[in-house]
Protein chains: 2
Amino acid sequence: MTDDGERIVLLRFVERFALVLREAGMPPMPARVLAYALADDADRYTAGDLARGLDVSPAAISGAVRQLVQVGLLTRQREPGTRSDLYVLDDRDLWSRFMASELQALQRFVTAAEDGIEVLGLDRPGGRRLAETRDFLAFLHAELSDAVARWPAERDRRAAAHGT
Amino acid sequence: MTDDGERIVLLRFVERFALVLREAGMPPMPARVLAYALADDADRYTAGDLARGLDVSPAAISGAVRQLVQVGLLTRQREPGTRSDLYVLDDRDLWSRFMASELQALQRFVTAAEDGIEVLGLDRPGGRRLAETRDFLAFLHAELSDAVARWPAERDRRAAAHGT
DNA sequence: CACATACTTCACAAACTTATGAAATCCGAG
DNA sequence: CTCGGATTTCATAAGTTTGTGAAGTATGTG
């Protein structure tokens with residue numbers, strides 16, 4: 001960021017974007033860190049950069065980056081001869097990776113419905129409703145996987161179209 | 001449900017399914033009510049039915065059904081000459097309606113990214129990352145809308161295939 | 001080897017969420 | 001009009017989550 005006014009604008013955006021991420025189930029601090037890493041101009045951050053940039057305690061960053069690394073949204077790098085890890089938001093395919101974990105959640109959904117069908121049986125209204133639920137969720141999972149897989153090619157196609 | 005053993009099995013399933021719904025962002029009590037209405041055999045419930053069936057306080061049901069009606073997953077009906085509202089899980093297209101609200105959330109996501117691009121500008125790495133985020137999310141929104149719209153026909157096609 | 005810097009872990013305080021019991025409200029029946 | 005059953009509202013207690021400061025740990029530097 002270039003100056004203080006810009007920084008305030010950035011932080012306001014970070015909070016707004018993080019809010020949406022939180023509504024999608026992400027804990028507050030990881031959401032803020034992700035939004036900040038996305039919107040600020042640097043492409044690598046130490047934990048300290050993030051703490052100062054977001055004006056939160058280093059302790060909060062520590063937990064947040066651990067979770068983000070865990071789910072693959074941030075990667076940890078160590079530059080030889082330096083004391084701190086560097087956190088990189090690998091923006092190429094970032095959202096595909098994000099969706100991969102959402103797809104896993106959807107799959108758990110399908111499994112839960114399946115287990116219900118097993119114990120209830122298909123000869124009861126409840127079981128039949130669960131079967132339709134399972135079918136829809138499975139359909140959605142397939143469609144989403146497909147869409148996510150198609151995105152990189154689609155993006156490049158669009159970029160090429162703009163470039164000409 | 002036919003007997004007590006079955007009821008325990010049902011409630012266990014309800015908790016498991018509700019857990020998945022909660023992980024998807026739904027508050028606990030609405031998640032339980034939805035799972036119960038889905039898996040139990042009745043197709044209409046009074047608030048009292050739900051309270052007794054789930055063994056929770058009527059107060060908890062009151063709040064839960066309000067939220068579910070709000071998002072369109074449950075509809076309220078009033079039988080003439082009766083004291084209680086009836087809650088109906090309109091299972092036809094239930095999940096399409098569920099997805100409609102998810103799609104709205106996704107749209108808010110797109111909007112948030114868009115606002116960020118506006119304040120940051122496209123001439124900075126942060127702005128460019130946000131632009132790619134917006135493009136992906138918009139793509140996903142379109143693909144999902146499309147898939148949801150195709151589902152009813154797809155389901156009927158499958159049913160017909162099985163029937164022959 | 002001692003030091004300084006950067007990060008992590010831990011215990012805790014504050015804020016928020018959740019579900020309850022009790023009281024208030026609603027509405028049809030007699 | 002009053003009664004009675006059912007639901008809703010409200011205050012509250014219990015539980016959970018969140019982020020902090022302080023102490024501890026690791027690592028490169030002089």
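Letters A, B, ... mirror the listed sequences (proteins, then strands); counts begin at 1. If you're wondering where the values come from, they're calculated on a predicted model, not measured in any experiment.
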OP1 or OP2 of [N] versus the side-chain N and O atoms of [X]: is any pair under 4.0 Å?
{"X": "A/Arg66", "N": "C/dT9", "result": "yes"}
{"X": "B/Arg83", "N": "D/dG4", "result": "no"}
{"X": "A/Ser62", "N": "C/dC7", "result": "no"}
{"X": "A/Arg22", "N": "D/dT17", "result": "no"}

Review point. Which sits closer to the 5' end of DNA chain D, A/Arg78 or A/Asp55, going by the nucleotide each is nearest to?
Key: A/Asp55

Quick one: label [X] by what it contacts on the DNA or RNA (base, sugar-phosphate, nothing), any heavy atom closer than 4.0 Å.
{"X": "A/Ala59", "result": "base"}
{"X": "A/Pro58", "result": "base"}
{"X": "B/Ser84", "result": "sugar-phosphate"}

Which nucleotide in the set [options] lies at the smallest distance from any side-chain heavy atom of [X]?
{"X": "B/Arg32", "options": "D/dA22, C/dA19, C/dC7", "value": "C/dA19"}
{"X": "B/Pro28", "options": "C/dT18, D/dT7, D/dT9", "value": "C/dT18"}
{"X": "B/Val56", "options": "C/dT20, D/dT8, D/dT20", "value": "C/dT20"}
{"X": "B/Ala60", "options": "D/dT7, D/dA22, C/dT20", "value": "C/dT20"}

Practice item. Decide yes or no for A/Val71 and A/Gln67: does some side-chain heavy atom of the first lie under 4.5 Å from some side-chain heavy atom of the second? Key: no

What integer distance in Å separates [X]:[atom1] from [N]:[atom2]?
{"X": "A/Ile61", "N": "C/dT8", "atom1": "CD1", "atom2": "P", "value": "10 Å"}
{"X": "B/Glu79", "N": "D/dT7", "atom1": "CD", "atom2": "P", "value": "14 Å"}
{"X": "B/Asp85", "N": "C/dG28", "atom1": "CG", "atom2": "P", "value": "11 Å"}
{"X": "B/Leu74", "N": "D/dT7", "atom1": "CG", "atom2": "P", "value": "14 Å"}
{"X": "A/Met29", "N": "C/dA15", "atom1": "CE", "atom2": "P", "value": "15 Å"}
{"X": "B/Tyr87", "N": "D/dA6", "atom1": "OH", "atom2": "C1'", "value": "11 Å"}
{"X": "A/Leu54", "N": "C/dC7", "atom1": "CG", "atom2": "C1'", "value": "16 Å"}
{"X": "A/Arg76", "N": "C/dC7", "atom1": "CZ", "atom2": "P", "value": "11 Å"}

Does the pair [X]/[Y] count as a salt bridge with the N-to-O cut at 4.0 Å?
{"X": "B/Arg52", "Y": "B/Asp55", "result": "no"}
{"X": "A/Glu132", "Y": "A/Arg129", "result": "no"}
{"X": "A/Arg16", "Y": "B/Asp115", "result": "yes"}
{"X": "B/Glu143", "Y": "A/Arg150", "result": "yes"}

